[in-house]
Protein chains: 2
Amino acid sequence: MKDQDAKTLSNTQRAVRDLRQMILSGELAAGTDHLESELAETLGMSRTPIREAALMLESKGLLEMRPRKGVRILPVSSDDMREIYDILTELESLAAQRAAQAGYSDDELEVLAGSIAKMDQAIEAEDLEAWAEADELFHQELVRLGGNKRVEAIVAMMSDQVRRARATTLFIRPLPVKSNEDHRVVFQAISEGRPDVARERHREHRLQAQAMLCRILEKHRLNSL
Amino acid sequence: MKDQDAKTLSNTQRAVRDLRQMILSGELAAGTDHLESELAETLGMSRTPIREAALMLESKGLLEMRPRKGVRILPVSSDDMREIYDILTELESLAAQRAAQAGYSDDELEVLAGSIAKMDQAIEAEDLEAWAEADELFHQELVRLGGNKRVEAIVAMMSDQVRRARATTLFIRPLPVKSNEDHRVVFQAISEGRPDVARERHREHRLQAQAMLCRILEKHRLNSL
DNA sequence: GCATTCTTTAATGTATACGCAAATAAATGC
DNA sequence: GCATTTATTTGCGTATACATTAAAGAATGC
């Protein structure tokens, strides 16, 4: 583990991984500025790999490099949320459609089925953290089954941008019972090889989730996360 | 012009711009490898800004950095084409829908209308280069009107990845007469504020364009561009 | 000749140095 | 006191140096 860390990964790669983690966890809070030299010292390396890592994270939309002002951790506004969910809706629906077209066997759909089971258990136990984790797995696996690497990359990027917000939104949203039903329907459509149904049902699911999220963000006046 | 170049742009930014241009123009051919030091000498700067630029272009999917093998200009396979067109179809349709919802005035739709006019003229003159340029403008402006910056960025990225292929495909495809009709229908739907029509018609347009492209790529055995 | 080991070469990853320009602080004039 | 100019600081952009290590080439044994 530590070997992997020191031996096979370059400092730049470690910096990408660690900075990303620090941003997602909130250790580097949204809206805060950080000098390259500070980050370098924190991660125990020189400015060079820090700059390279920051460049990559900038193109992933997690931060912004502003000359003399340091690296700024980008906040996510409710407008940003709308943009991101619009994209996730389209691309995940496409993935659902393609997954249904691919004609996967039950074996190949095991992970997807498992994620739904986990969500059910989590709801039973009213464990929101566990539910969110399983939900993430479902969406990630769905996109993987879609078989489009670029869609996978884009969805991962968008997910990263909103992940930080989840900590806030997770506990002010209603218990996601309906969500699980939706997942089951989508799963069935994929399993039965019905692309149009998979696509449309997943699209509906996403649109509703988005509307719900926007409502609660507005209600709680959460404009920047 | 040259002032802009030297004074306001950093070397890294120039490198991004110039390398991108060299890739799109084919001066740096798909599949070829280039040492960082070579590129540095070519652009008259040190390796540092070259590396930074390469990192950015790597995350835009134009090249790949492989230790000791140099920077590799990524070829685009027909599978890649399918991935990219799938994404463009979804995101542009979304943009068309949102543009129609936005209720733009005729003034605001002037650029879009202009691009269609240019395409008509180009077809009249059988000037494929001019047509392609106007077509690009149409799609770009459509996405801009969609009002989602992230969609804009993603579409631009995907367009870059296939632009190189255009030089090849442009002259083996049928004269894009049908394409222009489609554009007009989409434009009208946007102008009249009919989101569903705009979305569906643009989607149809894209799906057909994609099918046509895939057919000719297959016919001509063009698997890597 | 062919495989194998040892050298050598060379490209990268990273640290470091430094000039420049922007931001801040200080000083000067009014 | 306030505005304006002049120092000063400081963070970045970029060049450069260097250690590391993969790959190519040479040499050796069989």
Side-chain angles (χ1 to χ4, degrees), chain A residues 1-23 28-74, chain B residues 1-23 28-74:
Chain A
M1 190 81 150
K2 190 122 179 274
D3 284 10
Q4 194 78 345
D5 202 284
K7 297 241 168 81
T8 64
L9 289 184
S10 70
N11 278 358
T12 302
Q13 290 171 311
R14 283 202 301 129
V16 169
R17 192 197 55 188
D18 293 350
L19 289 177
R20 171 176 175 274
Q21 200 48 52
M22 288 164 79
I23 293 171
L28 293 176
T32 57
D33 292 326
H34 308 270
L35 295 180
E36 292 173 6
S37 37
E38 286 174 25
L39 295 174
E41 190 162 12
T42 305
L43 297 190
M45 54 186 74
S46 81
R47 275 178 53 220
T48 308
I50 295 292
R51 271 182 71 84
E52 295 193 349
L55 247 354
M56 295 199 238
L57 294 172
E58 181 171 47
S59 62
K60 289 175 144 242
L62 289 181
L63 53 84
E64 189 187 16
M65 294 177 79
R66 299 180 310 172
R68 330 219 127 248
K69 303 220 158 181
V71 166
R72 177 181 173 78
I73 311 303
L74 284 180
Chain B
M1 192 87 144
K2 189 120 180 276
D3 284 10
Q4 195 75 346
D5 201 285
K7 297 240 169 82
T8 64
L9 290 184
S10 70
N11 277 359
T12 301
Q13 290 171 310
R14 283 203 302 128
V16 168
R17 191 197 56 188
D18 292 350
L19 290 177
R20 171 175 174 274
Q21 199 48 52
M22 289 165 79
I23 293 171
L28 294 175
T32 57
D33 292 327
H34 307 271
L35 295 181
E36 292 174 6
S37 37
E38 286 173 24
L39 296 174
E41 190 161 12
T42 305
L43 297 190
M45 53 186 75
S46 81
R47 275 179 52 222
T48 307
I50 294 292
R51 271 183 72 83
E52 295 193 350
L55 248 352
M56 295 198 237
L57 294 172
E58 181 170 46
S59 62
K60 289 174 143 238
L62 289 181
L63 54 84
E64 188 186 17
M65 295 178 79
R66 298 179 310 171
R68 328 218 134 249
K69 304 221 158 180
V71 167
R72 177 181 172 77
I73 311 303
L74 284 180

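In what follows, chains carry the letters A, B, and so on, assigned in the order in which the sequence lines appear, proteins first and then strands, with residues in each chain numbered from 1.
For A:L19 against A:A53, the heavy-atom pair with the smallest separation is CD1-CB, 4.2 Å. Scanning all heavy atoms of the two residues, the minimum distance from B:I73 to B:L28 falls at CG2-O, 3.8 Å. Summarising the geometry of A:A40 relative to A:I50, their closest heavy-atom pair is CA-CG1, 3.6 Å, with the distance given to 0.1 Å.
Remark: B:E36 in residues 36-43 of chain B come within less than 4.0 Å of DNA chain C through at least one heavy atom. Residues from residues 48-62 of chain A lying near DNA chain C, meaning a heavy-atom separation below 4.0 Å, are A:T48, A:P49 in numerical order.
Note: CZ (A:R66) to C1' (D:dG13) measures 18 Å, nearest angstrom. In this structure, B:K69 places its NZ atom 10 Å from C1' of D:dA22, rounding to the nearest Å. Regarding B:R68, its CZ atom lies at a distance of 11 Å from the C1' atom of D:dA19, rounded to whole Å.
Partner B:P49 forms a side-chain contact (heavy atoms from CB on, under 4.5 Å) with one of B:T12, B:L43, B:L39 and no other, that one being B:T12.
Map A:R47 and A:Q13 each onto its nearest nucleotide of DNA chain C; the residue landing nearer the 5' end is A:Q13.
On the nucleic acid side, DNA chain C has its first and last nucleotide under 4.0 Å of a heavy atom of chain A at C:dG13 to C:dA22, going 5' to 3'.
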Please table the atom pairs, donor to acceptor, closer than 3.5 Å between any side-chain atom in residues 29-37 of chain B and protein atoms at least two apart or in another chain.
| residue | atom | partner | partner atom | Å |
| --- | --- | --- | --- | --- |
| B:T32 | OG1 | B:A29 | O | 2.5 |
| B:T32 | OG1 | B:H34 | NE2 | 2.7 |
| B:D33 | OD1 | B:R66 | NH2 | 3.3 |
| B:D33 | OD2 | B:R66 | NH2 | 3.4 |
| B:E36 | OE1 | B:R47 | NE | 3.1 |
| B:E36 | OE1 | B:R47 | NH2 | 3.2 |
| B:E36 | OE2 | B:R51 | NH1 | 3.0 |

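Remark: A:E58 pairs with no residue by the side chain to side chain donor-acceptor pair (under 3.5 Å) rule, at least two apart or across chains. Residues forming a side chain to side chain donor-acceptor pair (under 3.5 Å) with B:E41 (at least two apart in sequence, or on another chain): none.
For the atom pair B:K60 NZ and B:R20 CZ, the distance stands at 6.0 Å (nearest 0.5 Å). How far CD of A:Q13 is from CG of A:D18: 11.5 Å, rounded to the nearest 0.5 Å.
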request  = Walk me through it: do A:V16 and A:L57 pass the test side-chain contact (heavy atoms from CB on, under 4.5 Å)?
outcome  = CA-CA 7 Å; A:V16 169; A:L57 294 172; 4.2 Å; yes

